[in-house]
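Contents: one structure, followed by commentary.
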Amino acid sequence: VKLMKILMISTNKVQSLRPVFPRGMALVASHLKQAGHEVESLDLCFETEDKAVVFHAIKRLFPEIIGISVRNIDTQNFLEPDFHPPFLRQVVSWCREANPNATVLLGGAGFSHAPKQLMRYTGADFGIVGYGERSAVDLLQKISRNTDYTKIEGLVYFDDKGKLVCNAPSFFPEVKTLRSHLRNFYDKRYYSFEFMTPNSHAQCLETVHSKRGCVLRCIYCSNHKVEGHKVITKSPELVVDEIEEVLAQSETPGFEFTDGVFNIPLEHAITVCKEMRHRGLNMPWQCMLSAGAVTEELLDLMKETGCSKVEFGTDSCSDEILLNLGKNYTKADVERAHHLVDERGIDIMHCIFLGSPGDNARTIHETLDVMDALVPDDPESHHQVYFCLGLRIWDGTLLHDIALREGLVSGESDLLFPHFYISKDLSENSGLLDEIEQRIVPNNKWYLWWGLPNYSLKERIQLVSSEYEKMHKVYYQAHESSIPDNEVV
Ligand code: B12
């Protein structure tokens with residue numbers, strides 16, 4: 001195999017909420033390096049002169065391959081619009097300008113959401129959907145040997161007729177045992193970056209994952225596009241090896257699991273925690289939990305090993321709405337799980353959607369009432385509620401079918417651009433919108449949008465609509481001049 005020079009670029013510049021380590025980019029970089037290639041990484045997160053640093057990195061390394069990691073498409077938050085593909089398109093054009101001969105390869109969680117649209121929009125040469133480790137190594141091998149790459153799992157490429165082809169993704173079980181040295185590819189600035197939180201200031205958290213895939217079928221969730229529905233657990237020994245590696249770095253205040261839901265399958269979460277306890281580990285860590293699989297045994301283990309905060313994707317506290325959303329728990333489970341976590345002194349964040357299918361004044365009152373009881377405005381407590389107005393619609397989800405049926409989107413809608421589901425019983429009920437604002441604003445532990453109450457919720461909704469229009473114009477104008485492909489769309 002001819003070894004190649006590869007530059008990996010992480011394009012995620014989002015710092016709101018908190019900057020996140022580009023774990024996916026670094027994993028792929030690490031596997032390419034293990035395959036013998038010369039790999040460097042460039043992270044644009046903390047850069048201000050993006051074009052200059054991209055040029056500098058390319059002129060210095062002269063990479064044959066430029067791998068670009070696309071984590072986010074948008075904010076998935078109706079009230080806080082942002083849309084990243086125009087920036088991605090710019091990065092690709094800088095790469096072309098700096099080295100017209102380099103092959104540009106896209107991948108990442110965001111990319112896997114709309115691969116064909118992003119290939120056309122940016123004019124990249126290749127893309128990989130799903131897990132990148134094995135397919136990226138395969139692709140480079142095939143390119144360097146000049147052999148057939150068209151069978152590579154998850155590969156997105158233009159065929160001889162210029163037609164865009166997207167192979168089925170690779171959700172390969174070897175991720176169970178893969179070791180990596182991803183930390184060599186992190187920008188060191190993550191370790192010193194500090195940001196404000198409601199209570200004080202904090203540092204970025206290191207990441208670890210215990211598995212890939214999720215068996216749940218929440219109707220709006222698009223994670224299956226990135227990691228599939230089949231759960232592939234990583235061996236607890238390997239998971240905890242990585243935690244020890246993190247612990248060995250004095251700069252890190254703790255870590256968080258990137259598993260979309262840490263406690264399903266429950267047995268795996270328990271085994272991972274037991275392995276942590278067995279090795280005497282105790283450092284602050286966080287994870288995302290489902291209220292549908294919380295046991296005292298798990299929570300005791302989590303507490304013993306240092307867990308300091310959990311995020312529940314609670315979504316709603318009305319049984320009717322939870323059922324509509326395809327959740328695997330009830331309002332009573334939410335309350336029970338909350339109390340069990342709270343009793344152990346672990347901080348809680350509930351994430352709630354307002355405007356889910358079926359949501360009306362009654363079900364929204366029910367949700368707000370439960371949250372009032374669980375997360376009152378208590379200065380002593382660190383529990384929080386993060387509300388989202390509406391749900392981001394992705395194709396390949398049941399929510400998309402509902403939105404189509406209700407006429408909120410059409411079959412022609414380009415869902416790479418953010419479209420949101422908000423139940424009409426909420427969006428058309430002006431009094432209910434006012435009431436939501438009046439209930440959320442006074443509680444310092446509840447968050448919907450930072451500008452409230454200086455602007456009213458209804459004013460904000462009007463304003464974002466025009467922001468989306470502007471973003472769409474920029475996107476659409478660029479689209480007109482995008483590299484065409486011969487496919488009939
Ligand atoms: C954990 C997580 C979080 C945690 C992150 C914690 C942390 N410190 O990292 C928290 C809760 C903080 C978070 C926040 C947000 N998140 Co988030 N998050 C996730 C989640 C569940 C896992 C991400 C992860 O780290 N995976 C593990 C790594 C190893 O996988 P990976 O990055 O996908 O990389 C693999 C492949 O994608 C590919 N790959 C990656 N890069 C490259 C590059 C090349 C060249 C190639 C070939 C392949 C490749 O190979 C990798 C290895 O297999 C995903 C959903 C999911 N299942 O992917 C959402 C997800 C990425 N998040 C999403 C969003 C929207 C956000 C927020 C914007 C939400 C918000 N409004 O605040 C913020 C943004 C934060 C930021 N600064 O960027 C969306 C992004 C899609 C979109 N619509 O834009 C996702 C996909 C969820 C979803 N389905 O909607 N998130």
Side-chain angles (χ1 to χ4, degrees), residues 6-32 41 45 65-85 103-115 124 126-140 152 154-156 169-172 175 178 180 182 190 195 204-214 218 220-228 254-262 286-288 311 313 349 351 386 388 391-394 397 415-416 418:
I6 302 147
L7 176 66
M8 294 290 290
I9 304 179
S10 170
T11 55
N12 181 15
K13 295 178 73 71
V14 174
Q15 296 196 0
S16 55
L17 194 63
R18 56 180 178 268
V20 296
F21 285 91
R23 183 176 177 84
M25 179 278 277
L27 265 178
V28 175
S30 157
H31 285 278
L32 289 170
S41 61
C45 186
I65 309 278
I66 302 174
I68 303 184
S69 183
V70 187
R71 184 196 194 273
N72 298 329
I73 300 295
D74 58 355
T75 59
Q76 305 231 103
N77 185 332
F78 174 67
L79 292 177
E80 293 174 17
D82 205 355
F83 185 58
H84 309 296
T103 298
V104 175
L105 166 66
L106 304 182
F111 177 72
S112 296
H113 275 67
F126 292 103
I128 289 174
V129 296
Y131 302 163
E133 293 94 333
R134 192 170 69 182
S135 294
V137 172
D138 275 2
L139 178 66
L140 262 61
I152 293 175
L155 188 70
V156 191
S170 140
F171 300 128
F172 60 100
V175 291
L178 282 179
S180 60
L182 69 156
Y190 285 95
F195 56 95
C204 302
L205 289 177
E206 265 280 6
T207 57
V208 172
H209 70 255
S210 88
K211 63 176 173 299
R212 302 268 181 93
C214 181
C218 307
Y220 53 84
C221 185
S222 55
N223 284 2
H224 62 273
K225 290 174 181 275
V226 192
E227 43 182 328
F255 73 92
E256 59 190 312
F257 281 105
T258 58
D259 304 28
V261 179
F262 176 67
Q286 308 187 0
C287 66
M288 294 183 257
E311 189 179 306
M349 158 100 95
C351 298
Y386 184 91
C388 262
L391 295 87
R392 170 53 150 118
I393 303 166
W394 284 107
T397 63
L415 296 177
L416 171 61

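Read the numbers this way: they start at 1 and go in the same order the structure lists the ligands and their atoms.
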Just going by heavy-atom distances, which of [options] is nearest to [atom]?
atom: atom 83 (N) of ligand 1; options: Ile65, Asp74, Asn12, Ile73; answer: Asp74
atom: atom 33 (O) of ligand 1; options: Val226, Thr258, Val20; answer: Val226
atom: atom 13 (C) of ligand 1; options: Arg71, Glu256, Glu80; answer: Arg71
atom: atom 38 (C) of ligand 1; options: Ala124, Gly132, Gly110; answer: Gly132

Measure the shortest side-chain to side-chain distance between [X] and [Y] over non-hydrogen atoms and say whether it is less than 4.5 angstrom.
X: Val261; Y: Met288; value: no
X: Trp394; Y: His224; value: no
X: Pro22; Y: Tyr190; value: yes
X: Asn12; Y: Met25; value: no
X: Thr397; Y: Tyr220; value: no

Positive for side chain to side chain donor-acceptor pair (under 3.5 Å) with Asp74, one of Arg392, His84, His113: Arg392

From [X] atom [atom1] to [Y] atom [atom2], the distance as rounded to the nearest 0.5 Å:
X: Phe21; Y: Leu205; atom1: CZ; atom2: CG; answer: 8.0 Å
X: Leu7; Y: Ser41; atom1: CG; atom2: OG; answer: 8.0 Å
X: Leu106; Y: Ile66; atom1: CG; atom2: CD1; answer: 11.0 Å
X: Glu80; Y: Leu17; atom1: CD; atom2: CG; answer: 9.5 Å
X: Leu415; Y: Ile73; atom1: CG; atom2: CD1; answer: 12.0 Å
X: Arg134; Y: His31; atom1: CZ; atom2: NE2; answer: 11.5 Å

Can you list the ligand 1 atoms lying under 4.0 Å from a non-hydrogen atom of [X]?
X: Met288; result: 1 (C), 2 (C)
X: Glu227; result: 56 (C), 57 (N)
X: Thr75; result: 68 (C), 69 (C), 70 (C), 71 (N)
X: Thr207; result: 7 (C), 8 (N), 9 (O)
X: Gly67; result: 45 (C)
X: Glu133; result: 52 (C), 53 (O)
X: Ile68; result: 43 (C), 45 (C)
X: Asn223; result: 55 (C), 56 (C), 57 (N), 87 (C), 88 (C), 89 (N)

Region of [X] that comes within reach of ligand 1 [heavy atoms, distance under 4.0 Å]:
X: His113; value: side chain
X: Gln76; value: side chain
X: Met349; value: neither
X: Leu17; value: side chain
X: Val14; value: both

Return the orientation label for the Phe262 and Phe257 ring planes: parallel under 30°, perpendicular over 60°, tilted otherwise.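 Parallel, since the angle between the ring planes stays under 30°.
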
Is a donor on one side and an acceptor on the other found under 3.5 Å between the side chain of Glu227 and the backbone of Cys214? no

Contact between [X] and ligand 1, counting heavy atoms under 4.0 Å?
X: Lys225; answer: no
X: Trp394; answer: yes
X: Ser135; answer: no
X: Arg18; answer: yes

Give yes if a backbone or side-chain nitrogen or oxygen of [X] is under 3.5 Å from a nitrogen or oxygen of ligand 1, and no if not.
X: Ser222; answer: yes
X: Leu27; answer: no
X: Asn72; answer: yes
X: Ser69; answer: yes

Does either side chain, that of Asp259 or that of Ser210, offer a donor lying less than 3.5 Å from an acceptor on the other one? yes

